[in-house]
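Report on one structure; see the data block that follows.
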Amino acid sequence: MAEGWTRRQLLAQASIAAAVYTLDPHELCCGVNAYAQTAGADTFELKKVGDGVWAAIAAARYKVNSNAAVIETNDGVVVVDTHSKPSAAQSLYKDIQGVTKKPVKKIINSHFHWDHWQGNQVYAQSNPGLEIIASDRTKARLSDPNQMNGGVGFVDKQIASMPGEIDKIKAELAAAPNAETKGRLQSSLTQAEAYLGELKALKPTLPTRTVSSTTTLMEGGREIQLHILGRAHTDGDLFIYLPKEKVLATGDAVVDWMPFLNDGYPEDWGPTVGALEKLDVTTVICGHGEPAPKSHLTFFRGYLTDLVAAVKQTAVAGASLDEMKTKVAEQLAPKYEKGMSKYPIGQYRDRIGLNVEMVYNKVVKKA
Ligand SMILES: [Zn+2]
Ligand SMILES: [Zn+2]
């Protein structure tokens, strides 16, 4: 059960979970594509996590949206991450204007993945002088035409691959066995076509300022620390920490479901989360899922550490990759299956095989 979710969100999640649309893992990135309603007023729920600080929790959509952190200062607003598409950023921007009319002064992109930056343009268009901050590694990847899973080049790659994705939905729609499936696929098709339209019109808006080590911003009377603590989900993860409010925004280096390891550094990731645990934190705004208490950092680090250890151990014992997937899944399940399966998407059993494979490729095979 997803504690803290509204009944409406739970119902929406449950109805889409019946038919999760699977893609090539490279396109899947950090979330899961799913059938859901087109982006609208219910795309985000603003949850107050401190005085003038909100977690914008994304509802499930076809093409997953990241969460955002919204930080109000004396003279403006700072927003962490901008989701997978301008329409989603527009939707959150409208929600923000419902709580404050102050201008958005800064956007921070936690990392380079497509579902965390493709809405940057919305804030830039409406807020002259907007500063967009990321780590130097993240900006380099966003600017790299060959980068997968995010950045200017990946926009074109998605434009090239979306027609195939749309054709596949159309074929499934033609073969739909009942009205319920048909309705779901029709919604998916509408959203996929709208997403392709948004990609074609996208004005990729890159960071205007980079940081290469931990930096403190004094922003309209509020202290905002930007921490660079090592490699984790990517090589450029930026952590946003408010020491007074004890709020931490992690991007996908900490999520409330199973992690996506394809661009990650399995052996570095645990220690990086360990460094986050040294901060005085009350609320963690994860890249995906509900706001979490500090104890979630320890749980999530434990999973990464135990996963790497279990894969290494089964490899030494001579297991094949397939045997490894089964053995590690069973070995870690008692400790992690429940906590990693709070939502109908991104669950333990959906992802453990790919997680094992990634650790095998990046840690064992490389050694
Ligand atoms: Zn993400
Ligand atoms: Zn990510």
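Just follow the structure's listing: the first ligand is 1, and inside any ligand the first atom is 1.
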Next on the checklist: Please name the atom of D115, limited to N, O or S, that comes nearest to the Zn ion (ligand 1).
Outcome noted: OD2

Checklist entry - Relative to the Zn ion (ligand 1), which of the N, O or S atoms in H116 is the closest? => result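 Sorting the N, O and S atoms of H116 by distance to the Zn ion (ligand 1) puts NE2 first.
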
Next on the checklist: If we check salt bridge (Lys or Arg N to Asp or Glu O under 4.0 Å) with D75, which of these qualifies: K105, K102, K101?
Outcome noted: K105

Checklist entry - CH2 of W117 to CG of N109: how many Å apart, nearest 0.5 Å? => result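 CG of N109 is found 8.0 Å from CH2 of W117.
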
Checklist entry - Side chains of Q125 and Q90: is there a donor and an acceptor less than 3.5 Å apart? => result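 The criterion, which ignores hydrogens and geometry beyond distance, is not satisfied for Q90 and Q125.
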
Next on the checklist: Working to 10°, measure the angle at the Zn ion (ligand 2) formed by atom NE2 of H233 and atom ND1 of H113.
Outcome noted: 90°

Item to check | With the Zn ion (ligand 2) as the apex, the OD2/NE2 angle for D252 and H111 - to 10° | outcome: 90°

Checklist entry - How are the rings of H111 and H233 set to each other: parallel, tilted or perpendicular (split at 30° and 60°)? => result perpendicular

Checklist entry - Hey, are the side chains of Q97 and D95 touching, using non-hydrogen atoms and a 4.5 Å cut-off? => result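 The answer is no; the side chains never approach within 4.5 Å.
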
Checklist entry - N/O/S atom of H288 under 2.8 Å from the Zn ion (ligand 1), yes or no? => result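 Checking H288: at least one N, O or S atom is under 2.8 Å.
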
